[in-house]
> 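Input: one structure, supplied below.
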Amino acid sequence: MGAAARGHPDDTEYRTIPAYLLIGDVATVERLAQATGDQIFWAVEAALAPGGTLADARRTAARLEEVRRKYATALPAEGDDPLALRFASGIGRIAETAQATTDTVRQRTRPVEWAATGVGLASVLAVALLTARRREREIRHAVAVGMSPLRVGGLWLLEHLLPAALGAALGWLAAWQLVARLGPPGRIDESLAPAARAGATVALAGLLTVACVGALAALRRVRPSPPATARRPLPWSAMVVVVALVAAAGLISAGGSAEGIDLLVPLLILAAVGVLAGWLPGRLAGGARLPASPRRAVVWLARRGLDSGGAERRLAVTVVTAGLGMLLFGLSAVESTTVSAGDRIAVAAGAESVAVLDGGSSSLDDAAVSVPPDDPLRGGPPDAPVAGSRIPPLPAGNTVVWRSDVLTPLDDFRKDLLVIDPARFLDVAMWGHGPDLAAARAAVAALAANPGTADENNGSGSARAIVVGDPASALVDTIRVAVGASTEDVEVAARVAAFPGMQGRPMYVVAATPMFAKLGPDDPRLRPRTAMPAGVQLFRTFLWSSTSVQPVLTAKGVQPESLASATLLRQDATYIATGRARSYQLAIAGYLALLAVLTLGVYAQRTAVLRRPTDLMLARVGLGRARVRRARSLEFVLLAVVALAAAVAGVAALAPIAGRLLDDQPGLLPRYAFQLSALGLVITAVAAVVATALAVALTTMRSVSAEEDAYRDD
């Protein structure tokens, strides 16, 4: 135990009373306090155990709240006791913030998650329908020997039970490992059970779908329609289009955030586009004439194959279009949301680091000019530009920005006047990657080239301004602004929708030199003589930095009024959710691409079986096997191209309503802009190529007994 070096420190409240700093172990301090009759006040800090889950934090916060309430109700009523127990906990606030982040992540990923589940079940249905067509002979035989449709459906369910169980288990395991290895840190034990239940539910739905298809296929053979009765197929394609139109209209007309059936609108629209695209291959085959020579038979045979698919071809094109479209939509949504989040952080923060200066910009300029003395004849300083006034010279990556409230005769609302050094501002401000801030950056570059005619020697010249988000000034070229007691006219240089540092209301951005030249002695860059000049009172001064403002403040010995940074904004739950949801959405997009590839492969395998006798006959009558294979390959290339084009068109059609689905902060600027991702287009095209290659490979594969089976009577 010892005293502090160089004497005892002064008491923090009463400077005349010495205070003692004693350092010792707990046992010694307790014995000393007991011997002197002093009272020891203990301060204890606690933290959550490392590796705790969100549920653990919620339980801890709830128990602490119970203790706090119990103790608060047991306190005596005579007042506060300095010896009373006091404690405060931020665990509840941490748990609430984490829960808000979790909810936001779910909001981001739910549209793609639901759509992926829908595409998966649709693919199961498509495969079941194709299987029913392929096993036509088996179903007829089962009905002929007296098996009921329910028994046939039950056999199909048992037949697919093991693959479904294995698929659900392997899918759950793969998803768990992806989240554990590529997802956010921490244990995910409490998410495993809900994921398992969801996977089991989807697997059961797929099993029931397969069983229903088998039962219905058998039911059609139990009581066949009379020969004179025309078959009326279910108009499922028209139903899909109508449902998609109704859902899209409801989403456009409704208000608030998207939920419920709204989240399936992308899948419905893409399925509707796929339905329409499913009719296109038949139109491409229309009017094909017989070839004049075997060399021209490849294109003719491919077009003939496109026209012979019927409902199976339309169903395959619909599912492939929906899968490729959801892949492109998911990738574009990830990129658009990331760009939107970065742009909104740029607008809210302005720069990476911002400090509010209490004493004006002269505190950063050792050679700042003082406010001119009063004119003895006029009673005040001359109303002219002050010679020697300048923007404080700062290291690269730093700039000073001034902000003031202004009024215009255009309306009764206050606007922000942002005064900048355009050349420095271009390098310091955050510009994001979206089109709105790109337009703002171009406007600042134009303002730097032509800020106005007013300068250090001419206060009567003009100043030019960038108008940001002010519809009231849309029809005027010159705006009269009232800055304190001064009224000045500024010329409109450009109009933009968003700007770095915008604070939720219209703003005018002007260059410092022409604007302050018009203010004369009210220039906020001037150093005060005895009191704060009028300019410092009218304008708030900010130091913006592209890295950190602390080195400049330390070098100048300036204590800021407050500090802010873009890093703090990035810790908001919404922006954290954007990053967390990205990998999840990419995983779902990959799953959708796999579904599209498998669907086209199943359709190719089905057509290869049905057309094998025709292909063998064509090869023997003179076309040759090579030409037949090229024709089948060309057919699937055309199908993939049609599905890819339809998917791109469908995602482009989703752009006007994508903001309602993906933007959970519609009031922020810049507005959410959904754009097709160039990388997404490339990945979707690669998926289409892989699907085509698989389809061609399945078409050209032949077994040893393929020719013998093809000539058998059905």
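Count residues from 1 along the sequence. Given the structure is predicted, the values throughout are model-derived calculations rather than measurements.
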> Strictly below 4.0 Å, N to O, side chains only: are Arg344 and Asp436 in salt-bridge contact?
no
> Please tell me if the side chains of Val444 and Phe499 come closer than 4.5 Å, counting only heavy atoms from C-beta onward.
yes
> If you look at every heavy atom in Ala687 and Leu327, which pair is closest and at what distance?
CB-CD2, 3.9 Å
> Do you see a donor-acceptor pair shorter than 3.5 Å between the side chains of Ser362 and Asp365?
no
> Would you mind telling me which of Trp544, Phe516, Phe425 makes a ring-ring contact (aromatic ring centres under 6.0 Å, His included) with Trp402?
Phe516
> Could you state the interatomic distance from CE (Met326) to CG (Leu331), rounded to the nearest 0.5 Å?
10.5 Å
> Could you go through the side chain to side chain contact (heavy atoms under 4.5 Å, CB included) check for Val468 and Met502 one step at a time?
CA-CA 8 Å; Val468 185; Met502 193 175 182; 3.6 Å; yes
> Does any part of the side chain of Leu394, heavy atoms only, come nearer than 4.5 Å to the side chain of Leu543, both counted from C-beta?
yes
> Check Leu418 against Pro500 and note the closest heavy-atom contact, atom names and distance.
CD2-O, 4.2 Å
> Out of curiosity, Ile391 CD1 to Thr399 OG1, how far, rounded to the nearest 0.5 Å?
7.0 Å
> Ignoring hydrogens and angles, state whether a donor on the side chain of Tyr672 or Thr337 is under 3.5 Å from an acceptor on the partner side chain.
yes
> Could you list all the salt bridge (charged side-chain N to carboxylate O under 4.0 Å, His left out) pairs where at least one residue sits in residues 48-59, not counting sequence neighbours?
Asp56-Arg59, Asp56-Arg187
> So which heavy atom on Leu328 is nearest to which on Gly680, and how close?
CD1-C, 3.5 Å
> Just grab all the salt bridge (charged side-chain N to carboxylate O under 4.0 Å, His left out) pairs involving residues 559-576, residues at least two apart or on different chains.
Glu352-Arg570, Arg540-Glu561
> Is the closest side-chain heavy-atom distance between Leu417 and Met507 below 4.5 Å?
no
> Are any of the side-chain heavy atoms of Thr541 and Val400 separated by less than 4.5 Å?
yes
> Please determine whether side chain to side chain contact (heavy atoms under 4.5 Å, CB included) holds for the pair Leu426 and Arg441, giving the CA-CA distance in whole Å, both sets of side-chain angles, and the decisive distance to 0.1 Å.
CA-CA 7 Å; Leu426 283 171; Arg441 185 169 189 171; 3.9 Å; yes
> Do Ser353 side-chain atoms and Ser565 backbone N/O form a donor-acceptor pair below 3.5 Å?
no
> CG/Leu538 to CZ/Arg403 distance, rounded to the nearest 0.5 angstrom?
15.0 Å
> Any idea which heavy atoms bring Ala57 and Ile91 closest together, and the distance?
O-CG2, 3.6 Å
> Can I get a per-line list of side-chain donor-acceptor pairs under 3.5 Å for residues 265-272, giving both atom names and the distance, sequence neighbours left out?
none

> Checking Ser336 side chain against Gln675 main chain: does a donor-acceptor pair fall under 3.5 Å?
yes
> Which residue pairs satisfy the side chain to side chain donor-acceptor pair (under 3.5 Å) criterion with at least one member in residues 420-435, sequence neighbours excluded?
none
> Counting only N and O atoms by type, is there a donor-acceptor contact under 3.5 Å from the side chain of Ser332 to the main-chain atoms of Ser677?
yes
> How would you list, by chain and number, every residue that makes a ring-ring contact (aromatic ring centres under 6.0 Å, His included) with Phe542, sequence neighbours excluded?
none
> Nearest 0.5 angstrom please: Thr408 OG1 to Arg414 CZ, how far?
11.0 Å
> Roughly how far, to the nearest 0.5 Å, is the CD1 atom of Ile94 from the OG1 atom of Thr60?
10.5 Å
> What about the rings of Phe674 and Phe329, do their centers lie closer together than 6.0 Å?
yes
> Calculate, to the nearest 0.5 Å, the distance between atoms CG and CG belonging to Asn398 and Leu364 respectively.
9.5 Å
> I need the minimum non-hydrogen distance between Leu563 and Ala355, along with the two atoms involved.
CD2-CB, 3.5 Å
> Let me know which of Val689, Leu676, Val651, Leu324 forms a side-chain contact (heavy atoms from CB on, under 4.5 Å) with Thr684.
Leu324
> Applying side chain to side chain contact (heavy atoms under 4.5 Å, CB included) to Leu679 and Leu681, what does each step give before you reach the verdict?
CA-CA 5 Å; Leu679 179 62; Leu681 288 170; over 6 Å; no
> Would Asp343 and Ser340 count as a side chain to side chain donor-acceptor pair (under 3.5 Å) here? Give the steps.
CA-CA 5 Å; Asp343 287 355; Ser340 176; over 6 Å; no
> With side chain to side chain contact (heavy atoms under 4.5 Å, CB included) as the test, would you mind laying out the steps for Val490 and Tyr508 before giving the verdict?
CA-CA 9 Å; Val490 295; Tyr508 305 138; 5.6 Å; no
> With side chains defined as the heavy atoms from C-beta onward, is the minimum distance between Ser473 and Val492 less than 4.5 Å?
no
> Do Val319 and Thr321 have side chains that get closer than 4.5 Å, going by heavy atoms?
no
> Which salt bridge (charged side-chain N to carboxylate O under 4.0 Å, His left out) pairs, counting each pair once, include a residue from residues 494-507, with sequence neighbours left out?
Asp405-Arg505, Asp416-Arg505
> Indicate yes or no: at least one non-hydrogen side-chain atom of Val202 is less than 4.5 angstrom from one of Leu121.
yes
> Heavy atoms only: give me the nearest Leu553-Pro560 pair and the separation to one decimal.
CD1-CG, 3.7 Å
